[in-house]
Amino acid sequence: MILDSEPLLHSRALYVEGKWVSPVEGGTREILNPADGTAIAVVAEADRTDVATAIAAARTAFAAGHWPATPVTERAELLVRIAELLDTHRDEIARIETLDTGKTLSESHTDIDDVIAVFRYYARLAPTAADRLVDTGNPEVISRVVHEPVGVCALIAPWNYPLLQMSWKIAPALVAGCTMVAKPSEVTPLSTIALVELIDRAGAPPGVVNLVQGSGGVVGAALTDNPDVDLISFTGGAATGATIARTAAEHITRVALELGGKNPHLVFADADHDTAVDAVLTGAFLHSGQVCSAGTRLIVEESIADDFVAELAHRAARIRVGPGMDPATRTGPLVSEEHRAKVEAYVALGISEGATLITGGKRPDDPALESGSFYLPTIFDHCRSDMRIVQEETFGPLLTVERFTTEAEAITLGNDTDYGLAAGVRTTDPSRGERVVRALRHGTVWLNDFGYYTPAAEWGGYGRSGNGRELGPGGLAEYQETKHIWHNTAPKAGGWFTDT
Ligand code: NAD
């Protein structure tokens, strides 16, 4: 068991048909703490055979029909029990998430509270999602549009919000009556193992929720090319999303993609200075920028830009970088050495592209942080929208600054991206605010706020940020098929050929 275990070493990790099992080939993977590079767990590593067994278990459970036919109110009760268990184990899971991802303990607590809210939201929503009666104009016909579970789902999640992203999938899939095989990121699997332990304790029937662990190239691919999967719900990078969409096309498997972002934050000269500086810092540097909706592209009005950027740089340099378990830490390490190397390559690229590095651009000097993959909050001023550091998702603490002089120019810059996940606008002029938020082509737009969401509102991207939506009623619809039932209550002859 991962819960109650100290240390976390040698966790079990494959859960199939209601049992914790070992992988056929006995593979394992070491999980590292990014704050100091130490091993915190060794988890089982599946191969294609294990994945096929897990999919077969989910298929059998779906075909047997008990879970899809369980009344939605009973399915909702399971979600409530899961939420209650998460609440009971809140501190333990927060600790696991922080050790695994590097994020601060308070961020992990916030994530878990959000996860609990998502399970509770779908438990409330699903029983109210009524079927629709359609008026055909014929009183002898009852025409209904009903929703049914889509079937067996492959749920694939990234490493930056492991528990949160997986829960955005498991909660609606479960309450919709689907069965599933979940695969967390091989970099951060631990909180998902804990979640599945709680789902087991909450009484999910065997085969409804299955868990596999392993690399994207082997385990992820085995989940996405299997014709017995009805829906692939994926959150991760755009390149992986494209690979999955191509693979899914072979069997016309439904795909929901939540991909990356390069999210603009537009600051007009009339914005409240202090709250704007604060929000830009949070948007860019929370979780060291490893956030799909991070506001790492500042677009600021020329007349205030010098002062605004100077203040940002001053405050960014004071953000305390350190281990997530230390209460004094404000932002943790990058998730791995490999990922830090990628961010460092982007910083070198920014310098070679001619942007002005005004703070950060290096690892912290503190010798106590040497063994972790830390990187300082970094700001590049005088950027142009054709620079790669402005267009590409760096997924690190790297803020770029562009300047504008007119509202139209700000909107053009804000939409000058292949992505379209999220954007922020700061102005005290309500009419301008409304004009600009409507003009921006992004799935979420914050006006005088940044980064907030609610389980009741859809989340997802325009453009290369993906398709489909999670959360809200749309997030439930992803896991449902739509069926039209035409019931003739008084059938009589009257077809095309009655006269023949
Ligand atoms: P990634 O694409 O490398 O991996 C995501 C998941 O896909 C992992 O579980 C991985 O093992 C798996 N995978 C990798 N290759 C695969 C393949 N060929 N077939 C099937 N599965 C495969 O992404 P990451 O680095 O883990 O996460 C960071 C990315 O996730 C960023 O781009 C970020 O913006 C995005 N993200 C998006 C959202 C959103 O809501 N839109 C939320 C969080 C993260």
Side-chain angles (χ1 to χ4, degrees), residues 13 29 34 43 45-46 48 51 100-101 103 111 114 118 154-169 181-189 191-192 211-226 229 232-248 250 253 255-263 286-296 334-336 338-340 342-343 392-396 417-422 442-444 451 453 457-472 474-475 478:
R29 179 184 291 268
V43 300
E45 176 94 355
R48 289 190 74 88
V51 175
D100 204 0
T101 63
K103 65 177 67 180
D111 285 4
D114 288 356
V118 164
L155 311 178
I156 303 177
W159 50 256
N160 60 334
Y161 283 87
L163 188 71
L164 189 87
Q165 298 299 161
M166 190 57 92
S167 300
W168 288 13
K169 301 179 191 305
V181 181
K183 187 198 101 57
S185 166
E186 61 274 32
V187 184
T188 55
S191 57
T192 305
L211 172 71
V212 292
Q213 303 287 350
S215 71
V218 175
V219 173
L223 275 172
T224 53
D225 65 17
N226 189 312
V229 168
I232 302 161
S233 176
F234 169 78
T235 302
T240 316
T243 303
I244 288 174
R246 277 192 296 273
T247 307
E250 182 67 26
T253 308
V255 186
L257 300 173
E258 294 290 338
L259 309 178
K262 186 73 181 188
N263 312 289
L286 178 77
H287 195 13
S288 285
Q290 302 166 112
V291 182
C292 54
S293 53
T296 50
L334 296 173
V335 77
S336 64
E338 296 73 34
H339 187 53
R340 178 167 66 176
K342 183 182 151 195
V343 171
E392 296 178 18
E393 185 186 46
T394 61
F395 227 53
T417 171
D418 290 340
Y419 290 111
L421 187 60
H442 297 263
T444 295
Y453 72 94
E458 278 78 359
W459 176 268
Y462 288 28
R464 269 174 66 80
S465 291
N467 59 39
R469 290 293 181 269
E470 296 198 296
L471 302 181
E478 292 284 5

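All figures in this text were calculated on a predicted structure; none of them were measured in a lab. Residues: numbered from 1 along the sequence shown. Indexing begins at 1, ligand by ligand and atom by atom, following the structure's order. Values below: all heavy atoms of this structure, side chains included; hydrogens, waters and symmetry mates excluded.
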Name the residues with a heavy atom less than 4.0 Å from ligand 1?
Ile156, Ala157, Pro158, Trp159, Asn160, Gln165, Lys183, Pro184, Ser185, Glu186, Gly216, Gly220, Ala221, Phe234, Thr235, Gly236, Gly237, Thr240, Ile244, Glu258, Leu259, Gly260, Cys292, Glu393, Phe395, Leu421, Trp459
Report all side-chain donor-acceptor pairs from residues 159-168 shorter than 3.5 Å, counting only partners two or more places apart or in another chain.
{"from": "Asn160", "atom 1": "ND2", "to": "Gln290", "atom 2": "O", "distance (Å)": "3.1"}
{"from": "Ser167", "atom 1": "OG", "to": "Leu163", "atom 2": "O", "distance (Å)": "2.7"}

Any donor-acceptor pair under 3.5 Å from [X] side chain to [Y] backbone:
X	Y	value
Lys262	Glu392	yes
Asp418	Gly463	no
His339	Phe395	yes
Lys183	Gly214	yes
Glu458	Arg469	no

